[in-house]
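Worth knowing before you read on, the calculation uses all heavy atoms, side chains too, and leaves out hydrogens, waters and symmetry mates. Just so it is clear: chains get the letters A, B, ... in the order the sequence lines come, proteins before strands, and each one is counted from 1.
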Amino acid sequence: MSAEPTAPAPAPSDFIRDIVVGHVAEQRYAKIVTRFPPEPNGYLHIGHAKSICLNFGIAREHQGQCNLRFDDTNPVKEDVEYVDSITRDVRWLIAGWADQCLGFKPKGAHPGRTTVNGQPDYYLGPVAPDANSEAFFASDYFDQLYEYAVELIKRGKAYVCDLSAEDTEKYRGSPDAPGKDSPFRHRSVAENLDLFTRMKAGEFPDGARSLRSKIDMASPNMWLRDPLLYRIRHVAHHHAGDKWCIYPLYDYAHCLSDYLEGITHSICTLEFVDHRPLYDWVLENLGLPRALPHQYEFAKLNLAYTLVSKRKLLTLVTEKVVSGWDDPRMPTLSGLRRRGIPASALRTFVTGVGVTKFDSLTEAAVFENAVRGELNTAAQRRLAVLKPLKLVLTNLAAGETVECTATNNPQDENPTTRPIALTREVFIETDDFAEVPPPKYFRLKPGGEVRLKYACIIKCDELVKDAAGAITEIRCTAQLDTRHGQPNADKKVKGTIHWVSATNCLDAEVRLYDRLFTVAEPAAEEDFLKVVNPKSLEVVTAKLEASLATAKLDDRYQFERLGYFALDPKDSNVGSPLAGGPRLVFNRTISLKDTWAK
RNA sequence: UGCCUGAUGGUGUAAUGGUAGCACAGGUGACUUUGACUCACCUAGUCAUGGUUCGAAUCCAUGUCGGGCAGCCA
């Protein structure tokens with residue numbers, strides 16, 4: 001329908017993309033393959049969105065692939081609950097944008113044995129997501145990882161160490177002082193092989209021994225001081241079952257997982273810069289036949305007024321500061337989704353902040369701007385009154401209705417309309433009337449005139465107050481000839497306010513959210529619970545125009561002059577045949593920008 | 001007092017030896033049946049000191065300040 005498609009956004013550019021573009025130019029790889037590798041031990045948040053968009057974005061820009069891989073090497077922290085939520089969140093975020101790049105693997109598949117240049121090899125390539133496929137799991141590589149560890153031992157590059165965790169730490173030294181060799185560092189290959197086999201067989205208790213790389217205990221890089229490759233943990237694994245009692249550590253498993261999947265660019269955050277030499281060490285000391293993946297690091301996202309620490313987010317949930325991981329105030333993808341934030345707005349935002357190695361703090365306004373921008377074009381305009389004040393149009397008869405026409409979305413090229421009926425009694429926003437108006441007040445005041453949006457100009461004639469002096473009703477005259485198409489339609493007044501017919505409207509619960517914290521950097525606080533915004537949620541019973549009775553879960557609405565709203569997918573009861581009709585619960589995704597100084 | 005890494009308007013980010021640009025925020029105005037949107041204009045920056053060069057945000061040196069690293073977490 002739309003004649004001119006919006007100009008495609010310019011392809012983002014950053015130092016990592018520049019590297020990839022260079023590799024593509026020199027045809028270093030047959031295909032660009034990235035990966036998004038969360039550990040299934042918590043919910044994805046807005047910080048992950050940056051990584052997801054970077055990895056999928058790069059794959060997308062080069063007709064490549066981005067594997068979703070669960071980095072599940074620590075069974076004591078992980079659970080399938082997280083596997084499910086993470087999968088759902090990733091698919092939601094990339095839907096309609098990079099679905100074609102999402103790499104899954106056949107259900108239950110493990111790396112296959114192949115031969116490359118006469119050398120044995122393992123590889124597990126991607127397939128498109130469907131009913132018979134699933135995400136990749138590092139735990140599917142435990143067999144290969146074990147085999148590689150044996151190879152490292154045979155090459156004299158790894159040894160079984162009997163030091164306790166405490167002694168291992170002591171031997172490691174400190175950043176400004178070299179460590180010293182473990183007394184077990186020079187065990188024979190045969191003894192190491194025997195001990196490692198018995199570790200796997202379950203002969204030793206947790207922590208009794210470990211498999212360590214043999215690198216350099218005096219290295220200025222702490223991560224090269226014979227880091228552990230395997231630890232003993234007699235626990236079942238959520239994905240691998242009870243087959244193993246030794247589990248590989250991140251630095252050992254990650255680079256090899258990347259290799260097994262044919263990852264070309266392994267992108268992670270800055271705290272892993274120090275690990276990169278280890279990443280390369282493992283790969284280079286195994287004599288692998290295919291091209292090796294390489295690690296690149298970027299600065300994680302820091303957003304003002306938000307917290308992304310898993311531990312602290314969990315505290316918010318357990319202390320019931322919020323209703324759950326998907327509370328619309330949470331920075332989790334499930335929370336943002338429930339709040340009504342479109343995935344496209346999240347993508348626009350995270351790609352907009354760019355990718356650098358600078359530890360920055362992004363202002364909340366940047367995020368809010370991206371959300372409003374997206375919603376402005378997508379949202380259907382509706383009239384709703386959050387804090388109702390009754391207004392009587394004294395020159396309209398009690399049963400009389402005046403048909404008016406409202407525009408659904410003025411941003412559309414050919415906006416559609418809907419009818420709304422003006423009646424004698426309407427509700428206006430309490431804030432839109434002031435008995436004693438502040439300077440520059442455009443709205444209704446005693447004796448003043450204002451336009452009821454889509455209807456006509458009204459004049460305030462008198463106030464009705466209760467015994468306590470509170471205003472209970474405003475009585476006005478409707479100037480019906482100022483309606484659209486009427487002789488005085490062009491009459492100008494400074495203010496236009498929204499309204500809802502009092503006799504033909506819907507009640508709805510509306511949840512108004514504000515930022516969860518009162519300070520820009522809650523993470524820097526000694527006690528972040530002390531800076532929780534006590535007014536982060538306000539619940540009101542609003543009056544909605546009748547057409548909202550058929551509101552849909554997936555639709556986005558702008559309640560005019562108020563903000564963008566979406567049905568709460570959990571608590572709304574849409575289209576239910578219940579006698580009382582649907583239960584409507586709206587979340588305010590974000591308010592409209594308000595440049596009128598308060 | 002070790003190693004790694006970084007520093008460009010208020011914020012975020014471009015410019016890879018040749019005109020310091022963009023976005024957000026802020027300000028002014030236009031338009032407006034949303035104090036929204038849109039549009040126009042304005043404000044505001046290369047951490048410091050030296051050096052190389054015709055020319056430096058960019059290269060070199062030194063310094064300052066920030067972030068990361070001593071899990072059998074990822």
Taking the same atom, C1', in B:C47 and in B:A7, what whole-Å distance lies between them? 7 Å
So what does A:Arg233 hit on the nucleic acid, given a heavy-atom distance under 4.0 Å: a base, only sugar-phosphate, or nothing? base
Pick the P atom in B:U1 and in B:G63, then give their distance to the nearest Å. 11 Å
Pick from A:Tyr141, A:Tyr230, A:Phe142: which one makes a ring-ring contact (aromatic ring centres under 6.0 Å, His included) with A:Tyr247? A:Phe142
A:Arg17 has an atom CZ; how far is it from atom P of B:A14, in whole Å? 11 Å
Using whole Å, report how far CZ of A:Phe367 lies from C1' of B:U13. 19 Å
Map every base of RNA chain B to its dot-bracket character, where paired means a Watson-Crick or G-U wobble contact with both distances under 3.5 Å and | marks a partner outside the strand. .((((((..((((....[..)))).(((((.......)))))....(((((..]....))))))))))).....
Ring centres under 6.0 Å, that's the criterion: do A:Tyr279 and A:His275 meet it? no
Distance-only donor-acceptor check, side chains A:Tyr305 and A:Glu363, under 3.5 Å: no
Any luck finding a side-chain donor-acceptor pair between A:Asp226 and A:Tyr171 under 3.5 Å? no
Using the C1' atoms only, state how far B:U28 lies from B:G67, rounded to an integer number of Å. 39 Å
Any base atoms under 4.0 Å from A:Gly352, or only sugar-phosphate, or nothing? Heavy atoms, all strands. nothing
Taking N or O atoms only and anything under 3.5 Å, show me the protein contacts with nucleotides 66-70 of chain B, one pair per line.
unit_1: B:G67; atom_1: O2'; unit_2: A:Asp359; atom_2: OD2; d: 3.3
unit_1: B:G68; atom_1: N2; unit_2: A:Asp274; atom_2: OD2; d: 3.0
unit_1: B:C69; atom_1: O4'; unit_2: A:Asp274; atom_2: OD2; d: 3.3
unit_1: B:C69; atom_1: O2'; unit_2: A:Trp223; atom_2: NE1; d: 2.9
unit_1: B:A70; atom_1: O2'; unit_2: A:Arg172; atom_2: NE; d: 3.3

Rounding to the closest angstrom, what is the interatomic distance between B:U53 and B:C60 at atom P? 16 Å
When the distance from CZ of A:Arg209 to P of B:C72 is rounded to whole Å, what number comes out? 18 Å
Within the 3.5 Å criterion, strictly below it, is a donor on A:Arg382 or A:Asn408 matched to an acceptor on the partner's side chain? yes
Distance check, P atoms only: B:A23 and B:C42, in whole angstrom units. 13 Å
Using a 4.0 Å heavy-atom cut-off to protein, can you give one letter per nucleotide of nucleotides 23-38 of chain B, 5' to 3': B if the base is in contact, S if only the sugar-phosphate is, - if neither? -SS-------BBBSS-
C1'-based separation of B:A70 from B:U16 [nearest Å]: 36 Å
Euclidean distance for C1', B:G68 against B:G18 (whole angstrom): 36 Å
Output the distance between atom CH2 (A:Trp499) and atom CG (A:Leu444), rounded to the nearest 0.5 Å. 15.0 Å
chi for B:G21 classified (syn = within 90 degrees of 0, anti otherwise) as anti
Below 4.0 Å: OP1/OP2 of B:G6 and any side-chain N or O of A:Thr356: no
Can you tell me how far C1' in B:G9 sits from the matching atom in B:C37, rounded to whole Å? 27 Å
Contact list for residues 203-215 of chain A, test side-chain hydrogen bond (donor to acceptor under 3.5 Å, both in side chains), sequence neighbours left out: A:Asp162-A:Arg209, A:Arg198-A:Glu203
Taking atom C1' of B:U13 as reference, at what distance in whole Å does atom CG of A:Asn302 sit? 15 Å
For B:G71, does either OP1 or OP2 sit under 4.0 Å from a side-chain N or O belonging to A:Arg225? no
Ignoring hydrogens and geometry beyond distance, is a side-chain donor-acceptor pair present between A:Asn221 and A:Asp274 at under 3.5 Å? no
From CG of A:Leu361 over to P of B:U13, roughly how many Å is that when rounded to an integer? 11 Å
Nearest-Å distance, CZ (A:Arg35) to C1' (B:A74)? 12 Å
Check every strand shown and say whether A:Leu163 touches a base, only sugar-phosphate, or nothing at a heavy-atom separation below 4.0 Å. base
Mind checking if A:Asn41 touches a base, just sugar-phosphate, or nothing, with heavy atoms under 4.0 Å? nothing
For residues A:Phe137 and A:Phe70, establish whether the separation of their ring centroids is below 6.0 Å. yes
Using salt bridge (Lys or Arg N to Asp or Glu O under 4.0 Å) as the criterion, list what pairs up with A:Arg172, not counting sequence neighbours. none
CG of A:Asp18 versus C1' of B:U16: gap in Å, rounded? 9 Å
Protein-nucleotide distance (A:Leu229, atom CG; B:C73, atom C1'), rounded to Å: 15 Å
A:Tyr454: which residues meet the ring pair (Phe, Tyr, Trp, His ring centres under 6.0 Å) condition with it, sequence neighbours left out? none
Atom CG in A:Leu278, atom CG in A:Asp251: separation rounded to 0.5 Å? 4.5 Å
If you look at every strand shown and take non-hydrogen atoms under 4.0 Å, does A:Ile232 touch a base, only sugar-phosphate, or nothing? nothing
Taking A:Glu545 as the fixed residue, which of A:Lys453, A:Arg418, A:Arg381 is the one that meets the salt bridge (Lys or Arg N to Asp or Glu O under 4.0 Å) rule? A:Arg418
Within the 4.0 Å heavy-atom criterion, would you say A:Ser164 contacts the bases, only the backbone, or no part of the nucleic acid? base
Pair A:Tyr82 and A:Tyr43, ring centroids less than 6.0 Å apart: yes
